[in-house]
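Hydrogens, waters and symmetry mates play no part in the numbers below; they use all other heavy atoms, side chains included. Each chain gets a letter, A, B and so on, in the order the sequences are listed, and its residues count up from 1.
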There are 2 protein chains.
Amino acid sequence: MELRQLNYFVKAAELSHFTEAAAALYITQSTLSQQIRQLENELGIPLFDRIGKHVSLTEAGSVFLLHARQILLEVEKGKQAIQDLQHLLSGDLRIGVTYAFTSFLLPALATFPVQYPGIRMYVEYGTTQSLEAKLRASELDLVLAFHQEAFNKDLEMLELFRSRMVVAVSRKNKLASLKKIPLQRLTGMDLIFPSRGFSARDSLDEVLQKNNIQPAVRIEMNDVHSILSLVEKGHWATLLNERALLGWKNLVAIPIEGRELQRRAYIIWQKGTYRKKAADLFMQELLKALPDMEK
Amino acid sequence: MELRQLNYFVKAAELSHFTEAAAALYITQSTLSQQIRQLENELGIPLFDRIGKHVSLTEAGSVFLLHARQILLEVEKGKQAIQDLQHLLSGDLRIGVTYAFTSFLLPALATFPVQYPGIRMYVEYGTTQSLEAKLRASELDLVLAFHQEAFNKDLEMLELFRSRMVVAVSRKNKLASLKKIPLQRLTGMDLIFPSRGFSARDSLDEVLQKNNIQPAVRIEMNDVHSILSLVEKGHWATLLNERALLGWKNLVAIPIEGRELQRRAYIIWQKGTYRKKAADLFMQELLKALPDMEK
DNA sequence: TACATCAATCGGTTTTATCAATCAATATCA
DNA sequence: TGATATTGATTGATAAAACCGATTGATGTA
């Protein structure tokens, strides 16, 4: 039994006329006869009475017609579901972000769900490491994160912008007026660091080790928002991506000398997998915000 | 899209492994790949991620899997419905009878629905003419009636038994003691006749006309039960098939001289149409009662 | 690094869906 | 009644496609 035969059968049943049905199906009457016969053979029962010149449904034919219609209806529903998916009337979109992307993500997050109300969005904050792991396991569709290398074996990456590592202090802090800070200067500061696993922390560790600097890290925290809240109070300083400070009006970003502390932001997705249309469009939405950042 | 492809797809999705799925389907991995690819092309979206050595469903694949399963389920339901029909777990059986068959029909009507509880039965009383018309229009599956000719262009007929035309009178009637009545004797009797259209009446008309006899028909009625009720009161006489009198204990059947008034009872069905299994079985049930009638 | 395994691909074979033409039965019309 | 047209079935040929076996290329694994 094939869908083709069911289609033929339904049309023939509706018209009670093989020749007309065949014409409507753009096949010859011969073909229609054969396919119907084949279906009857498989079911083991005639679907039509051939009485004289005209055909009419048998009891089995009437019963089977209902089922054939139902089957074809289910097929249409299946196709429609795929169409919906492609036209974004439905679907899931799972995005992983690191904290520094908050201000970058929010505008898109405000407009996108309005444009495509059928799409459920899941946003997950996490460290670059944990997000990439989930991306590889296909638990996320898209990740926004900083990264060291621009290439990766099984991840596709698109560079968004670059962001310097800065020292963040409160306006009230005595360092707030500085235009630049040399790396060595960190040694004497009271620092709160993000925990290991945070990309800012990991890349920082690398640089500090290379320059043989061991600043006094007084506090480690795995929540950037909490870190910045502490720094805002005045006493503490921290090292973060410049981007992470957007929106914190009481904080001052002081660039660190040395180019090596410039980091690259990427949109990352799995290599080889089919990229959801929703993901594509969301990326476009994100990229719209890019020009505004060039400052 | 064909059911074949849906079957392949579901198996491949369940095993997440083309080679194994192909083996389970008794086709080569090559064929499976091609058919899946074809399905994907038609839907316009990949159903599997081919990442490295293993395959896994895409979002569209997961969605479509549900629908594919549903479609195949509907197909099974359709096939099952046909099976049920063939094994008589369901179906309709529409029988037309003339009044004279009542006593013949009742036993089968008592046992058959018990044996096959899934079958809905419709019994329609009517004249031979009207029943045959409905039979031709496929509004009835089977007709029990008397008939003149044993052959008909588009009706299939199986002779059941023969039944004489008799004069029916009450036991109280003065004619009740007669063993035979010559045709001519009818002229002086007070007769109630079935209306035209009733086979007894029509065949009677023929014979009477041939013998140039015009009995005084005082009443015509189109309901045999009412005729017999009247006759039972004593005054009237009527002409009917012997069979019609079974069960009327207060009536006496007096045969008419002359062989031409013997009539043949038939099971009649449409020529060329598929005969329902239910109809076949019901016929067998009817024929069981035949031997008891030979008296 | 060699090996095994996977899905994709290629070329060729078999199956089958399709068509055009014809046939037999039947309804319609002169 | 006989001629004609129309129906679905049948037949033989052709084009499509389902299928297979072998190979390739990529990817894990010993």
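Positionally, the nearest nucleotide of DNA chain C for B/H17 lies more toward the 5' end than for the other of B/H17 and A/Q34. Comparing A/H54 and A/Q35 by the nucleotide of DNA chain C whose heavy atom lies nearest to each, the residue mapping closer to the 5' end is A/Q35.
Rounded to whole angstrom, the span from the CG atom of B/L47 across to the P atom of C/dA8 amounts to 12 Å. Rounded to a whole Å, the CZ atom of A/R37 is 16 Å from the P atom of C/dT18. For the pair A/L57 CG and D/dG8 P, the computed distance is 13 Å after rounding to whole Å. D/dC20 atom P lies 11 Å from atom CG of B/L32, rounded to whole Å. Regarding B/R4, its CZ atom lies at a distance of 10 Å from the C1' atom of D/dC19, rounded to whole Å. Between the CD atom of B/E2 and the C1' atom of C/dT15 there is a distance of 15 Å, given to the nearest Å. Here the C1' atom of nucleotide D/dA18 and the OH atom of B/Y8 are 8 Å apart, to the nearest Å. Distance, A/I36 CD1 to D/dT7 P: 16 Å, rounded to whole Å.
Inspection of the A/R263 and A/S203 side chains reveals an N or O donor paired with an N or O acceptor under 3.5 Å. Side-chain atoms of B/H147 and B/E159 include no donor-acceptor pair closer than 3.5 Å.
Test B/Y266, B/Y99, B/F101 against B/F146 for ring-ring contact (aromatic ring centres under 6.0 Å, His included) and you get one pass: B/F101.
Contact annotation: A/T31 side-chain N/O to C/dT18 OP1/OP2 distance is not under 4.0 Å. At D/dC20, none of the side-chain N or O atoms of B/Y26 fall inside 4.0 Å of OP1 or OP2 (strictly under the cut-off).
With distances taken from any side-chain atom of A/Q29 to the nucleotides D/dG8, D/dA18, C/dA8, the minimum falls on D/dG8. When distances run from any side-chain atom of A/S33 to the nucleotides D/dA9, D/dC20, C/dA8, the shortest one goes to D/dA9.
Less than 6.0 angstrom separates the ring centroid of B/F48 from the ring centroid of B/F18.
Residue side chain B/S30 reaches the base of C/dT9 through a donor-acceptor N/O pair under 3.5 Å, judged by distance alone.
Side chains of A/V75 and A/L3 form a contact here, defined as non-hydrogen atoms less than 4.5 Å apart.
Using a 4.0 Å heavy-atom distance criterion, B/T19 is classed as a sugar-phosphate-only contact. Among the heavy atoms of the strands lying under 4.0 Å from A/Q38 are primed sugar atoms or P, OP1, OP2 only; no base atom is included.
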